[in-house]
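See below for the structure under consideration.
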Number of protein chains: 2
Amino acid sequence: MISGGEFDPDIATWKQLAERLRLAIRSGELPPGQRFPSELSLVQQYDLSRITVRRALAQLRNEGLIVVAKSRGTFVADQQERTTVTLSKGDQVQTRMPDPEERRRYQLNEGEPLVLVTRADGTTEGYGAHRVTLVGG
Amino acid sequence: MISGGEFDPDIATWKQLAERLRLAIRSGELPPGQRFPSELSLVQQYDLSRITVRRALAQLRNEGLIVVAKSRGTFVADQQERTTVTLSKGDQVQTRMPDPEERRRYQLNEGEPLVLVTRADGTTEGYGAHRVTLVGG
DNA sequence: CACGATTTGTTCGTATGTATT
DNA sequence: GAATACATACGAACAAATCGT
């Protein structure tokens with residue numbers, strides 16, 4: 001049920017909704033892997049437009065807190081599965097949102113930032129930001 | 001004038017528009033610092049709704065290619081100087097879009113991914129993804 | 001297998017607010 | 001004050017993919 005209450009008219013509604021849902025996830029009220037409320041149910045529960053709801057969900061998706069699957073639904077992200085990438089001397093990393101070609105090449109989720117590793121030997125590797133942890137070494 | 005032509009109905013229009021604008025920036029047709037076409041002018045030029053135009057601009061902003069200044073306009077991003085951060089043994093890095101509090105704390109631009117560095121001693125540092133390069137060492 | 005219900009993706013229109021020029 | 005420009009938010013519609021019956 002996530003909890004209700006009115007929205008502060010001085011703050012964008014989608015930001016407030018995102019914050020409530022974010023807290024519900026972090027508190028464990030919505031456990032990883034669990035089905036997330038559908039857009040329609042959130043629209044009805046909070047009496048908001050779908051635009052506003054989708055804006056909030058897009059934010060949580062970008063934060064890696066939820067995973068959205070077209071026609072299947074939305075789910076709380078499983079934070080456990082991260083690849084560890086070791087950064088050695090001479091390696092460089094830059095991060096940004098990918099363009100469509102990079103999204104295909106590195107199989108990134110919608111809204112997922114790209115982590116681009118350029119090794120000392122000139123080769124490059126790309127990772128989805130929500131699936132990788134960089135470590136020095 | 002960026003160049004025109006029709007849109008492929010099989011691909012989301014906002015993605016195609018983003019791609020055209022992206023190429024215009026990368027080719028140098030729209031130099032860094034230069035005023036970017038306003039939302040309205042893009043709406044008129046391509047005969048699209050404002051929603052579609054805004055979706056494309058949001059994508060470019062997330063990629064760090066443009067900077068949107070509220071009520072002032074949109075501009076091609078400057079090649080910003082990147083801070084070099086060295087990652088030593090025991091340091092860890094995770095990247096994602098920030099929540100609002102992280103955006104304030106680390107002074108991130110709208111749509112800019114967060115690079116969170118956790119040092120071996122437990123301290124943390126945050127950087128805007130468009131302004132930092134990580135290096136191993 | 002077929003069909004309808006569900007759910008997310010995209011797109012249009014319209015309106016109001018706020019900040020800058 | 002007027003014009004410009006971005007932010008937010010409402011409604012509506014259709015497409016596409018999935019799922020249960």
Side-chain angles (χ1 to χ4, degrees), chain A residues 6-21 30 33-77 97 100 103-104 108-112, chain B residues 6-21 30 33-62 65-77 97 100 103-104 108-112:
Chain A
E6 297 304 311
F7 291 101
D8 181 347
D10 293 337
I11 304 176
T13 312
W14 69 264
K15 293 181 181 176
Q16 299 179 62
L17 176 58
E19 177 65 10
R20 292 190 192 182
L21 298 173
L30 297 174
Q34 176 164 322
R35 188 66 171 276
F36 204 74
S38 74
E39 296 178 357
L40 180 59
S41 69
L42 292 171
V43 164
Q44 294 170 336
Q45 180 176 351
Y46 292 100
D47 192 28
L48 298 173
S49 74
R50 195 170 162 219
I51 294 224
T52 303
V53 169
R54 280 179 62 79
R55 192 75 190 282
L57 294 181
Q59 175 63 27
L60 299 181
R61 185 180 56 186
N62 290 350
E63 294 173 22
L65 294 178
I66 62 176
V67 175
V68 179
K70 180 177 178 178
S71 304
R72 291 205 308 115
T74 303
F75 303 85
V76 180
M97 296 300 285
R103 263 199 68 205
R104 283 195 306 274
L108 306 177
N109 290 325
E110 184 83 32
E112 187 176 27
Chain B
E6 296 305 311
F7 289 102
D8 182 346
D10 293 337
I11 305 176
T13 312
W14 70 263
K15 293 182 180 176
Q16 299 179 61
L17 176 58
E19 177 65 11
R20 292 190 192 183
L21 299 173
L30 297 173
Q34 176 164 321
R35 186 63 167 280
F36 204 75
S38 74
E39 295 181 357
L40 180 59
S41 69
L42 292 172
V43 164
Q44 293 170 336
Q45 180 178 350
Y46 292 100
D47 192 28
L48 298 172
S49 77
R50 193 153 164 241
I51 294 228
T52 303
V53 168
R54 279 179 63 78
R55 186 70 183 82
L57 294 181
Q59 175 63 25
L60 299 180
R61 185 179 56 187
N62 290 349
L65 293 178
I66 61 175
V67 175
V68 178
K70 184 176 178 179
S71 301
R72 289 204 304 114
T74 302
F75 303 86
V76 181
M97 296 300 285
R103 263 199 68 205
R104 283 195 306 275
L108 306 176
N109 291 325
E110 184 84 34
E112 187 176 27

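Per chain, numbering begins at 1; letters A, B, ... match sequence-line order.
Listed nucleotides C/dG9, D/dC10, C/dT7 differ in distance to A/Thr52; the shortest reach to its side chain belongs to D/dC10. In this structure, the nucleotide among D/dC10, D/dT8, D/dA7 sitting nearest to the side chain of A/Arg55 is D/dT8. For B/Trp14, taking side-chain heavy atoms from C-beta onward, the closest of the listed nucleotides C/dT11, C/dG9, D/dT8 is C/dT11.
Summarising the geometry, the separation between CZ on A/Arg72 and C1' on D/dT18 is reported as 8 Å, rounded to the nearest angstrom. When the P atom of D/dT8 is taken as reference, atom CD1 of B/Ile51 falls 13 Å away, rounded to whole Å. Following rounding to the nearest Å, A/Asn109 (CG) and C/dG9 (P) show an atom-to-atom distance of 11 Å. Atom CG of A/Leu40 is separated from atom P of D/dT18 by 20 Å (rounded to the nearest Å). If you measure from atom CZ of B/Arg54 to atom P of D/dC6, you get 8 Å, rounded to the nearest angstrom. In this structure, A/Tyr46 atom OH and D/dT8 atom P are separated by 19 Å, rounded to whole Å. Distance, A/Glu39 CD to C/dT10 C1': 11 Å, rounded to whole Å. Distance A/Lys15 NZ to D/dT8 P: 5 Å, rounded to the nearest Å.
A donor-acceptor contact under 3.5 Å links the side chain of A/Arg50 to the base of C/dG9.
Here the CG-CZ distance, from A/Leu21 to A/Phe36, works out to 4.5 Å after rounding to the nearest 0.5 Å. Between the CE atom in A/Met97 and the CD atom in B/Glu112 there is a gap of 12.0 Å [rounded to 0.5 Å]. Taking CD of A/Gln34 as the start and CZ of A/Phe75 as the end, the distance is 10.5 Å to the nearest 0.5 Å.
In this structure, B/Thr74 reaches the D/dC6 phosphate: one of its side-chain N or O atoms is under 4.0 Å from OP1 or OP2. A close approach under 4.0 Å does not occur between any side-chain nitrogen or oxygen of A/Thr13 and OP1 or OP2 of D/dT8. For C/dC12, the OP1/OP2 oxygens have a side-chain nitrogen or oxygen of B/Ser49 closer than 4.0 Å. A/Lys70 has no side-chain polar atom (N or O) that falls below the 4.0 Å cut-off from OP1 or OP2 of C/dT10.
More than 12 heavy atoms of other residues, nucleotides or ligands sit less than 6.0 Å from atom CG of A/Asp8.
A salt bridge is defined here as a Lys NZ or Arg NE, NH1 or NH2 lying under 4.0 Å from an Asp or Glu carboxylate O, and B/Arg103 with B/Glu110 meets this definition.
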